[in-house]
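The structure under discussion appears below in the form of structure tokens.
For reference, positions follow the sequence shown, starting with 1. Remember, predicted model here, so these are calculated numbers, not experimental data. Values reported hereafter were calculated over all heavy atoms of this structure, with side chains retained and with hydrogens, waters and symmetry mates removed.
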Amino acid sequence: TAQEVDFAQWYTDICTKAELVEYSSVKGFVVLRPYGYAIWEQMQHILDETFKETGHENVCMPMFIPESLLQKEKDHVEGFAPEVAWVTHGGSEKLEERLCVRPTSETLFCDHYAEIVHSYRDLPKLYNQWVSVVRWEKTTRPFLRSREFLWQEGHTIHATAEEALAETEQMLNVYADFCEKSLAMPVVKGRKTESDKFAGAVATYAIEALMHDGKALQAGTSHYFGDGFAKAFNIQFTDKNNTLQYPHQTSWGVTTRLIGAIIMTHGDNNGLVLPPAVAPIQVIIVPVAMHKEGVLDKAKALEAQLKAAGIRVKVDDTDNSPGWKFAQYEMKGVPVRLEIGPKDIEQDQCKRTIFIFFVFLIQDLIKIFPVQKACQFIGPCLCPCRLIKSGIFDGNGSYRTDRRQHGQIIMVQISVSVTGNRNDPGQIIILAKTSTVFNTQLRKHMFFRLPHGFVGCGGTKIPDHHTVLISGKPGDHRIICFQ
């Protein structure tokens, strides 16, 4: 189904045909298949590293919350009561108190804090956990809204409101940087309205991303709780003046909804398109005429070369036809495809198809490269080119504005053609076509950064992150050629 015809059905088709999920026998619950889970693992790896760099530690709270514990914070329980799943029996015996399957873990963390926080010396506590939660949603869709989903939830407790507010802002920025730098997904940061904030929070901040259908999707949240939960759970500490104080808390989280955001931001009618940073397979090698001598050996040698360069690579040596493999890995959004056959080996070259990021539009690219130089050409293309500035120049050439407000997103279609063999490195031609997206007015001048590794005129290497100016009105083409 084309996304222009039925966007919802197109989305569901991608989820199943790209082998991300399968529906289970329990309504609202899905099986996260290996490829879908591997995308989440890549996200988890990047985020977990960032969390630890900012001083956070991983913990794991229980799955069940006693009803009496959930009832302690009035606004919180009222906000989640319609979505709670209850456990009433253990084996054949009825429980003395109902247990809810965690929809979120604020109450569990507060119960724990009350036991371990007594002095200012015990603060701050900067915790995070990677778990699943259950919310009994009435209407479900894979990744976007399901009754069980994977997420990380950070919970921190601080001596002062200033520290807690700084934490809230810091983690919102962490999420925004992750979405823009690792997922190539522009976001808008802002504060939620009072009616839309998290149950029990003083303030909720969120990042919102714009999808292909023109709708915004909440991609991550960061909450400031003030001392409300501390008072409800009687969490107190003695400050430096030997006075009892209530601490201030935060929580923040992102979920597997980010996979849905990737689908709806980057996907096209040919299938999923994955940002290289989170692609489980960054390069797929397809041997052509695999039965002929030397083809599979050369493919395996190239695989070893790319693995040594730190690239996630796979050789598909199954007996499916090359055409089937091309379609399959395009559906699964693998960023780079290398095809190698007997003639390529004779000429020491291979054909490369790249689904490359420039801002956030993906364009098919066909390239011919020397086999022995595959690593040096592939690596740069796994780093997305990024829109670094866009705005309008005034009459004397000075830059006037650099805003990235909601809805002001520029789409640039990039087609790159590179030819060459062992003796002649050839040339790089970049064809840039500017266009509008979501009825956004195109600004007149845009700066872009080329990926690392391109070669400039006369064979000189262009400095890393070289800046190129592309200007014009919608529909214009600009050609930049480097020998």
Side-chain angles (χ1 to χ4, degrees), residues 50-62 64-81 97 100 102-131 133 152-175 189-206 220-253:
T50 305
F51 296 159
K52 288 172 180 174
E53 287 173 354
T54 50
H56 299 86
E57 299 176 288
N58 283 332
V59 298
C60 189
M61 290 289 164
F64 299 121
I65 304 172
E67 185 173 12
S68 59
L69 196 64
L70 191 66
Q71 295 283 354
K72 281 194 173 184
E73 214 291 327
K74 180 176 178 294
D75 291 337
H76 187 67
V77 68
E78 287 180 356
F80 279 100
E97 180 181 15
C100 84
R102 63 176 170 229
T104 183
S105 302
E106 278 73 18
T107 55
L108 291 170
F109 275 93
C110 287
D111 191 48
H112 178 57
Y113 291 148
E115 298 295 327
I116 65 170
V117 174
H118 307 291
S119 164
Y120 70 90
R121 296 183 182 89
D122 298 325
L123 298 172
K125 298 294 185 189
L126 309 177
Y127 291 157
N128 174 67
Q129 67 171 356
W130 297 91
V131 293
V133 292
Q152 61 75 210
E153 51 176 320
H155 292 268
T156 69
I157 186 166
H158 306 264
T160 68
E162 290 75 19
E163 288 181 16
L165 284 166
E167 169 77 6
T168 305
E169 183 178 355
Q170 173 185 251
M171 300 318 295
L172 185 71
N173 290 332
V174 164
Y175 291 152
K189 295 181 288 187
R191 180 171 175 170
K192 288 285 192 178
T193 63
E194 287 298 304
S195 62
D196 205 24
K197 71 181 182 181
F198 183 81
V202 174
T204 289
Y205 301 86
T221 52
S222 187
H223 314 290
Y224 170 60
F225 290 140
D227 59 6
F229 275 92
K231 289 178 178 177
F233 285 82
N234 196 28
I235 307 168
Q236 289 183 291
F237 70 98
T238 305
D239 67 12
K240 293 181 180 179
N241 298 318
N242 205 32
T243 304
L244 278 177
Q245 302 286 353
Y246 289 106
H248 296 256
Q249 293 173 245
T250 79
S251 79
W252 29 272

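- Side-chain contact, Y205 with H223: no donor N or O sits under 3.5 Å from an acceptor N or O.
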In sequence, state the C-alpha distance, the side-chain angles, and the governing distance for I116 and K125, and then conclude on side-chain contact (heavy atoms from CB on, under 4.5 Å).
CA-CA 10 Å; I116 65 170; K125 298 294 185 189; 4.0 Å; yes

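- Between I235 and P247, the closest side-chain pair of non-hydrogen atoms falls below 4.5 Å.
- Using modelled atom types and a 3.5 Å distance limit, the side chains of Q152 and W252 yield no donor-acceptor pair.
- Neither side chain, T156 nor Q249, offers a donor N or O lying under 3.5 Å from an acceptor on the other.
- Taking every heavy atom of both residues into account, E194 and V202 meet most closely at OE2-O, 4.2 Å.
- In this structure, the side chains of T104 and E153 come closer than 4.5 Å at one or more pairs of heavy atoms.
- Panel note: side chain Y175, backbone G253; a donor-acceptor pair is recorded below 3.5 Å.
- Not a single side chain to side chain donor-acceptor pair (under 3.5 Å) links H112 to another residue, sequence neighbours left out.
- Without hydrogens or angle criteria, H56 side chain to F51 main chain gives a donor-acceptor distance under 3.5 Å.
- Looking at N128 and E57, their side chains never come closer than 4.5 Å, going by heavy atoms from C-beta outward.
- Looking only at side-chain heavy atoms (C-beta outward), Q245 and H248 stay at 4.5 Å or farther from each other.
- Taking the side chain as every heavy atom from C-beta outward, H158 and L165 never approach each other to under 4.5 Å.
- To the nearest 0.5 Å, atoms NZ (K240) and OG1 (T238) are separated by 13.5 Å.
- Q129 and S105 share a donor-acceptor pair across their side chains, judged by distance under 3.5 Å alone.
- Taking both residues in full, the closest heavy atoms of I65 and P103 are given as CD1-CD, 4.2 Å, listed atom of the first, atom of the second, then distance.
- Annotation: side chain of Y113 is not in contact with side chain of F237 (no heavy-atom distance under 4.5 Å).
- A side-chain donor-acceptor contact under 3.5 Å links T160 to the backbone of E163.
- Taking K52 as the reference, D48 meet the side chain to side chain donor-acceptor pair (under 3.5 Å) condition, with sequence neighbours excluded.
- Atom CD of E169 is surrounded by 12 or fewer heavy atoms from other residues, nucleotides or ligands within 6.0 Å.
- Between the N173 side chain and the Q170 main chain, no donor and acceptor come within less than 3.5 Å of each other.
- In terms of heavy-atom proximity, F229 sits nearest to C110 at CB-SG, 3.7 Å.
- No more than 12 heavy atoms of other residues, nucleotides or ligands lie within 6.0 Å of CD in E115, so this atom counts as exposed by the packing criterion.
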Working for side-chain hydrogen bond (donor to acceptor under 3.5 Å, both in side chains), residues E97 and S68:
CA-CA 8 Å; E97 180 181 15; S68 59; 2.7 Å; yes

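- Contact record, L126 with G55: CD1-O, 3.6 Å, taken as the closest heavy-atom pair.
- From E162, atom CD reaches atom CD of E167 across 14.5 Å, with rounding to the nearest 0.5 Å.
- Of the possible polar contacts, none joining the S222 side chain to the M171 backbone as a donor-acceptor pair under 3.5 Å is found.
- Side chain of T243 to main chain of D239: no donor-acceptor pair is present (N/O by atom type, distance under 3.5 Å, no hydrogens or angles).
- Counting heavy atoms from C-beta on, the side chains of L69 and F233 come closer than 4.5 Å.
- In this model, a donor atom of one side chain and an acceptor atom of the other lie less than 3.5 Å apart for S251 and E106.
- Taking 4.5 Å as the limit, every side-chain heavy atom of Y224 sits out of range of all side-chain heavy atoms of T204.
- The two residues K192 and D196 have their closest heavy-atom pair at NZ-OD2, 3.2 Å.
- Between the R102 side chain and the M61 main chain, a donor and an acceptor come within less than 3.5 Å of each other.
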